Every structure is written in structure tokens, then in C-alpha cells.
Visitor: 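The following block contains the structure, expressed as C-alpha cells.
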Amino acid sequence: MPLIRAEHLVKEYRRPRQHSGRFFGVRTLFTRESVVTRAVEDISIFNEGEVVGYLGPNGAGKSTTIKMLAGILVPTNGSCEVAGIVPWENRSANAMNIGVVFGQRSQLWWDLPLDESLHLIGKMYRMEPERFRRQREMLVDLLDMQPFLQTPVRQLSLGQRMSGDLAAAVLYEPPVLFLDEPTVGLDVIAKERMRSFVEQINRDNRTTVLLTTHDLDDVERLCKRIIIIDEGRVLFDGRAADLKRRYAPHRLLDVVVAGDATERLETVANTLPHGAQSVSLDGMKATFEIDPEIIRVADVIADVSSRVPVIDLGVRESPLEGIIREIYEAREVTR
Amino acid sequence: MSLTHTLSICWSLIRASIRGQMQYRASFLMEVAAGLAYQSMGFVFIWAVLSRFQSLGGWSLREIALLYGMRLAAHGLYMLCFSNVVRIDDFVREGGYDRFLVRPIPPLLQLMFSSIRVTVVGDVLGGIVILMAALTQVDIAWSAANVALLVLALIGGALINGAFQIGPAALTFRFLESWTLRIIFDDIFSRFGSCPTSILDRPIRSVLTFIVPMAFMAYLPAAAPLGRETYLPVWTGWLSPLVGVIVFGLALWLFVRASRGYQSSGH
């Protein structure tokens, strides 16, 4: 059963055109022109239990789509349904079905201990005391929240606060979870906790997750399906694996060797294993292009470092990042 | 969503926000004191003027004190529920209103009770004290009808006050700001609310009776038990709650309609 359905969803933001130059303030005040920003989404069917990565450059309209699906914004045009409900027409009913986390903004009560926020939310969603107790215990355990459960939210670290926000969003076990940049600004450990939590929720409750992020590690780890949008157009919609295959990205391996090994480096560059080739060679430095479909980067590194004394090396770009950058850049050209 | 459930959630929100405020004890006490001082200042001004001129439009200081007490108590009642509406500009401009829209409770209720301003305690206390003091000074019989009239007037006054905050607040969804307009109405009520509307010129009087029904907050309901003639029939004093419900309903309708234009922040 499709859980989220969106058709020709359009949101236009109007704002008066800003003038510059002399008397710009007054001219802006009396202007009739306006600039329309379109943030759009067209046809997407999400199935129960899917984790979908929703990507696009800054300002592509990702958050706007989420806000329309969450019932926060009323679209200018088009329609959508979340679990059979039109979000902005029946906000309360929609709220029962969804959990929302905005990485940029907490939804907890700022001056209250985290635990009280959870209690208030449990009450709002009419949770039975027994069910609330069970869920709260499970979440406190899963997100390691015991140490800061009684701390006022404003005194929490960003990582702790995000754990709290996530707990607040899934407390009442909504079938749909919207995560808008949930890992932004988090350290490695907090990110990892976040990811494994989402993984588990999705596995145990068959929660459908729509995730926007700029962190492609989130996507690689969690999402089987990826949608890339920009200015309302869907640039890609499909499985992450297909995306990689389609754009066949290569990884770049930068190698720096000791000063007395430049000749040997040249030899290595000419006799790289199958799947790797040299793209630049400049004295002590060389860059090799590796096709991860054929050979693992680690194998190339092992091969190279067994033959020359490597001082420094680096692998550039995870495959997805490269692809997505390619897609964004292609868009810049075609526009 | 049943009414009892909604009310019980509102109560939880109120309790939570009071608990939140209590964390800052010094600031709490200071705000209460400031609220009391601010509201008493208005009364001191009237007292100063009246001790010089004896009466205003034929109303004595004691009677004016009654009007003042009624207006302030109604204002306090209104503030108990709606004090947090003043923060709507910030919530809307910065996108904080988002969080009210993704919870299964009407957003306005969440806004109202997301925190309680403690200065309210000053308004309520000031209103009750002045009202009670004035009631012992004026010549009013403590009949059931008069008590009912007074209580109804307070409720009506609170609703009228609320309507002229919620209504302008609706404009925030479109213009991102409405505080200037809200301050204007607040100012009208606190400056003119406790003077007999009859002393004003006819056009202004009509506006403050039929368009911004300020006269129904204290003047008209108080006139009957005091045995005073007004420019309207005596029974109009009983209309306060009805007028309140009408203007408040209109304001609510406007608010709900305008909130569809909410744009959040970022995109």
C-alpha cells in the first residue's frame, strides 16, 4: 500500500522584488513586481517500510516538500496524501501518523527537562500509561538518554538534543517518519547512534522514513531508494545501487612518495593492476583512477605501498558524492 | 478530539510552563512585581487626576476605580489565557510555529500555553485587589443579579480583549508582524477602558461601542447597578458576553483562515 502519494505538488513563495540603488527601500515598498520561488515535487509513491533518501542542493525544495507532507505548509497547487490523509486539511489526524524531526530546530520544550517533554507528548497522543512507559524505557535505553533525561533541554548538547528530538518523534510509533537533516552538526558518534537508531526503528516497526540530508554516509547506510530533486524536477529516482552503476564513478587515489622514489613511482604508474589507471604523474605525486566495480581501493593501496615508500595518500570522494556532484553540475550546465 | 482531552492537555501545558518559569526564581518575582507596578501606575494617574477634578463625566473616583478594576480584572483573565500570543511574530518569522502544526492539538492552543508570562500574575492580582477595593466603596447591592452581571462582564471583557489580539495576530501570517496593531488595541483598552465612554465625542464613542466594543468591557455593565443613565438602554449591560463571543468568534475565524498562508522559514 502506498503510504505517501504526491502529485504535482507546488509551493510558490512570493516576495516583493528588492530594488537597489537610490531610494531602494521606498521603491521596494511600492513595487508591484514579485519574485516567485517554486519548490516542487512531482509524483512519488512511497511504500510501507521504505527508507527514502531525499537529496538535492541547498534550496532545491526538500524541506518544503517535507513541510507540505507534515501539514505545516499549504501547497499552492497539487495534492498529496500521507496514509490516506490530506495533511493540511486534517492536521490533527495527520499528526497522529507522522513523526517529524528538524535538525535545525528542536521541537522540545526549551525550559523543561527532556523527560517532561516526553510526558507531554505522550499525553498529546493519548498514549496508554503502560504503552508510554514501555516506549519511553525502550527509547531511553536505545538512545542512551538516561544521563540527561532530567536536564532542561536548553542545557543539552546538540547530540543529546537530537536524541531527544528523535525520541519525541517516534514515541507514539507513527508509521511515517520525516527526518530533515537529522545529522547536521553532529559528531561521528552521535551520527552513528542516529543512523543505527533509524535502522532499527525501520526494521522493527516497518516505519517508512523520508530522509533529507547532505551527509551521503547517511544515505549509503540507510536508504535503498534515492530521489534527487532540484527546482521541482526529479533528477533521479531509483535504487542507490542503480545510481552508482549508471554513473559509473571512479575514485581517485592521491599518492605522495619519498623524493628518491620518483622513478619507481613512474614504474608503478605504468603497471597498475586491472581497474586502476594513472591520470596524473608529477615527480613525487601521482593520482590514480580506480573503478571500484573491478578492484577494491584497498587492494590498489596495498599494491602501490608494497612497491614504493608511500609518505602520504588520500582517497577522494565517496562514490555517491561524486555522482551527485556530477548530477548537480550537469544541471548547472543545462540550465 | 474530545473537549475534556483538549482541556486536560492545556492544563498539562500550563503546569509545565509554570514549572519551566519557576526555574528562574528571581526573574519570576521581579516580573510579578513589575507587572503589579505597571498596572498600579495607571490607577495612580487616574487617582491623581480625579483628586484634582473630583469627577469625570459625572463619575466619582470610586466609580472610576470600579471601572478600572473591572477592566484590569478582565485584562488579567485574558492574559491568563492569551499572554503568549504576543510572541506570535517571533514564532512565525523564525518558523517556530512549525512545531505547533505537527502536533494533534489546535496550534493556537499550543501557542497560548507554550509558556505563560509571569507578569500576568501582577495583572490578575492588581485587577482583583482594585476591583474588590472599589466594590466596598461604591453603592452597589450584592444581589445575585449584580454578581452575575459582574462575572459575565469580566468574561465578556476578556473575550473582547482576546479578540482584538487574536484578530490582529492573524495578520502575522501574511505580514510577519502585527505587534504594532496589537499594541494599539492594547493601548486603547488600557487608556480608555476605565473611563465612561459617554465623555467622548459621539463619533469616537460610536467606534468604541459598536466597532471596537470597548464600552461593553466595563462602562455599560457597571452603569446599571450604579443606577447611571448611558447613551444606550440599561439592559445592554448584559450583552458583554454575547458581544465578546461574537468578536472573539470572528477573530478566531480570521486567525484560522490566515494561518493557511503560513510560510514557515527556509525551504
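The model shown is predicted, which means the values in this text are computed figures rather than measured ones. Within every chain, numbering begins at 1; the chains are lettered A, B, ... in the order of the sequence lines, protein sequences first and strands thereafter.
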Visitor: Would you find more than 12 non-hydrogen atoms of other residues, nucleotides or ligands less than 6.0 Å from B/Arg174 atom CZ?
Guide: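 It does not: B/Arg174 CZ has 12 such atoms or fewer within range.
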Visitor: Shortest non-hydrogen contact from B/Arg260 to A/Val74?
Guide: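 Smallest interatomic distance, heavy atoms only, reads O-CG2, 3.4 Å.
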Visitor: At their closest point, which heavy atom of B/Ile9 faces which heavy atom of A/Met124, and how far apart are they?
Guide: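 Closest heavy-atom pair between B/Ile9 and A/Met124: CD1-CA, 3.7 Å.
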Visitor: Measure A/Pro87 against the heavy atoms of chain B and call it side chain, backbone, both or neither at under 4.5 Å.
Guide: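 For A/Pro87, no heavy atom lies under 4.5 Å from chain B.
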Visitor: Are the side chains of B/Phe100 and A/Arg91 in contact, using a 4.5 Å heavy-atom criterion?
Guide: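 Not in contact.
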Visitor: Does atom CZ of B/Arg257 have more than 12 heavy-atom neighbours from other groups under 6.0 Å away?
Guide: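 No - once you tally the heavy atoms of other residues, nucleotides and ligands closer than 6.0 Å, there are 12 at most.
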Visitor: In this structure, are over 12 heavy atoms from other groups packed under 6.0 Å from A/Glu128 atom CD?
Guide: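 No - once you tally the heavy atoms of other residues, nucleotides and ligands closer than 6.0 Å, there are 12 at most.
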Visitor: How far apart are the closest heavy atoms of B/Ala16 and A/Leu112, and which atoms are they?
Guide: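 Looking at all heavy atoms of both residues, the shortest contact is O-CD2, 3.1 Å.
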Visitor: Could you go through the side-chain contact (heavy atoms from CB on, under 4.5 Å) check for A/Lys123 and B/Ser8 one step at a time?
Guide: CA-CA 9 Å; A/Lys123 198 149 192 205; B/Ser8 109; 3.5 Å; yes
Visitor: Of all the heavy-atom pairs spanning B/Ile105 and A/Ser92, show the shortest one and how long it is.
Guide: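 Shortest heavy-atom separation between B/Ile105 and A/Ser92 comes out as N-OG, 4.3 Å.
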Visitor: Picking from B/Gly261, B/Gly95, B/Ser114, B/Gly96, which has the most non-hydrogen pairs under 4.5 angstrom with chain A?
Guide: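 Heavy-atom pair counts peak at B/Gly95.
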Visitor: Given a strict heavy-atom distance threshold of 4.5 Å, which part of A/Leu120 is in contact with chain B: side chain, backbone, both, or neither?
Guide: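 It is the side chain, since no backbone atom gets that close.
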Visitor: Looking at CD1 of B/Ile18 and CG of A/Asp111, how far apart are the two atoms once the value is rounded to the nearest 0.5 Å?
Guide: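 Those atoms lie 13.0 Å apart.
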Visitor: What's the separation between atom OG in B/Ser265 and atom CD in A/Gln104, rounded to the nearest 0.5 Å?
Guide: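 Spacing of OG (B/Ser265) from CD (A/Gln104) equals 9.5 Å.
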Visitor: Could you state the interatomic distance from CG (B/Leu101) to NZ (A/Lys67), rounded to the nearest 0.5 Å?
Guide: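 Here the interatomic distance stands at 10.5 Å.
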Visitor: Identify which part of A/Ile66 has an atom lying under 4.5 Å from any heavy atom of chain B, answering side chain, backbone, both or neither.
Guide: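 Neither; nothing under 4.5 Å.
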Visitor: Which heavy atom in A/Tyr125 sits nearest to a heavy atom in B/Val102, and how many Å separate them?
Guide: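 Smallest heavy-atom distance, with atoms named: OH-O, 3.2 Å.
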Visitor: Which one wins on heavy-atom pair count under 4.5 Å against chain A: B/Arg103, B/Glu94, B/Gln263?
Guide: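 Max contact count across the listed options: B/Arg103.
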Visitor: Are there more than 12 heavy atoms of other residues, nucleotides or ligands under 6.0 Å from atom CZ of B/Arg191?
Guide: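 No - once you tally the heavy atoms of other residues, nucleotides and ligands closer than 6.0 Å, there are 12 at most.
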Visitor: Can you say whether A/Glu116 sits under 4.5 Å from chain B via the side chain, the backbone, both, or neither, judging by heavy atoms?
Guide: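 Side chain only.
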